[in-house]
Amino acid sequence: QVQLVESGGGLVQAGGSLRLSCAASGRTFSTYAMGWFRQAPGKEREFVAAISWSGANTYYADSVKGRFTISRDNAKNTKYLQMNSLKPEDTAVYYCAADSTLGPIAIATDPNEYDYWGQGTQVTVSS
């Protein structure tokens, strides 16, 4: 089992920045591909960013490309989502997810491929 705990959410003005963290405990975090998803009220959960367990590959949704950066520190069992130039439309609950089935350079954008989820952290961007 892997337990994921997100932190770093909050209220920020448009144009500001936040860094989300996802701390993992349990089984070997370093061999799990990781993803960030978000869900706004009344909307479906959507893909934001993903990183392979080797860290060699990353992938972003078009809506956040160039503004968000995903990274991981396997020694600390933690991954991050640096969010810059935030917009009101980025307001959502952000979820951390882990996938135990992918190889070292693979990533996944479909939430159904992920085995483990955190509880979510709220990000609110005011205009």
Side-chain angles (χ1 to χ4, degrees):
Q1 283 286 348
V2 171
Q3 292 78 43
L4 304 174
V5 179
E6 302 98 333
S7 62
L11 174 64
V12 64
Q13 289 188 332
S17 298
L18 284 174
R19 187 176 80 156
L20 304 184
S21 298
C22 174
S25 61
R27 298 187 64 180
T28 308
F29 166 81
S30 61
T31 61
Y32 284 49
M34 306 293 291
W36 286 99
F37 292 80
R38 66 187 182 186
Q39 188 166 17
K43 295 188 177 181
E44 293 187 354
R45 189 168 298 190
E46 67 172 356
F47 169 77
V48 175
I51 187 166
S52 61
W53 67 252
S54 69
N57 285 333
T58 58
Y59 188 76
Y60 299 91
D62 287 343
S63 59
V64 306
K65 199 173 296 183
R67 300 187 298 121
F68 290 11
T69 302
I70 189 171
S71 61
R72 64 191 299 157
D73 185 338
N74 287 341
K76 295 182 178 180
N77 281 358
T78 303
K79 71 167 183 180
Y80 306 96
L81 185 68
Q82 178 66 43
M83 306 186 295
N84 298 328
S85 303
L86 282 162
K87 304 176 181 179
E89 51 264 44
D90 293 319
T91 295
V93 177
Y94 283 71
Y95 296 91
C96 167
D99 186 323
S100 63
T101 65
L102 298 178
I105 62 171
I107 56 174
T109 61
D110 183 347
N112 293 317
E113 295 205 34
Y114 286 84
D115 307 297
Y116 304 101
W117 292 84
Q119 81 289 348
T121 185
Q122 177 70 46
V123 171
T124 303
V125 184
S126 63
S127 58

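All values derive from a computational prediction rather than experimental measurement.
- Side chain of E6 to backbone of G120: a donor-acceptor contact under 3.5 angstrom is found.
- Remark: D90 does not engage K87 in a salt bridge, criterion side-chain N to carboxylate O under 4.0 Å.
- Residue N57 holds its CG atom at 11.5 Å from CD1 of I70, rounded to the nearest 0.5 Å.
- At distances below 3.5 Å, not a single donor-acceptor pair connects side-chain atoms of D73 with backbone N or O atoms of T78.
- For the pair V12 and M83, the minimum side-chain heavy-atom distance is 4.5 Å or more.
- Here the closest heavy-atom approach between residue L20 and residue T121 is recorded as CD2-CG2, 4.0 Å.
- Shortest non-hydrogen contact noted between S85 and S17 is N-OG, 4.3 Å.
- The main-chain N or O of A33 is never found under 3.5 Å from a side-chain atom of R72 such that the two would form a donor-acceptor pair.
- Residues L86 and R67 share a closest heavy-atom pair of CA-NH1, 3.9 Å.
- When all heavy atoms are compared, the tightest approach of L81 to A49 is CD1-CB, 4.1 Å.
- Around atom OH of Y60, more than 12 heavy atoms belonging to other residues, nucleotides or ligands sit under 6.0 Å away.
- Rounded to the nearest 0.5 angstrom, D99 CG and I107 CD1 are separated by 11.0 Å.
- Hydrophobic clustering, with ILVMFWY side chains joined whenever heavy atoms are under 4.5 angstrom apart, groups Y116 together with M34.
- Separation of atoms OG1 (T69) and CZ (R19) is listed at 11.5 Å; rounding is to 0.5 Å.
- The two atoms that bring W36 and Y80 nearest to each other are NE1-O, 3.5 Å, heavy atoms only.
- More than 12 heavy-atom neighbours from other residues, nucleotides or ligands sit within 6.0 angstrom of CG on L11.
- To the nearest 0.5 Å, atoms CD (E89) and OG (S127) are separated by 10.0 Å.
- Both Y94 and V125 belong to a common hydrophobic cluster when Ile, Leu, Val, Met, Phe, Trp and Tyr are linked at side-chain heavy-atom distances under 4.5 angstrom.
- Side-chain atoms of K79 come within 3.5 Å of backbone N or O of G35 as a donor-acceptor pair.
- Residue A40 comes nearest to T91 through the heavy atom pair CB-O, 3.7 Å, listed as atom of the first residue, atom of the second, then distance.
- Remark: K65 NZ is packed, more than 12 non-hydrogen atoms of other residues, nucleotides or ligands lying under 6.0 Å away.
- Residues V123 and R38 fail the side-chain proximity criterion, which asks for heavy atoms closer than 4.5 Å.
- Taken to the nearest 0.5 Å, the NZ atom of K76 stands 15.5 Å off from the OG atom of S30.
- Residues satisfying the ring pair (Phe, Tyr, Trp, His ring centres under 6.0 Å) test with F37, not counting sequence neighbours, are F47, Y114, W117.
- Atom SG in C96 sits 9.0 Å away from atom CD in Q119 (nearest 0.5 Å).
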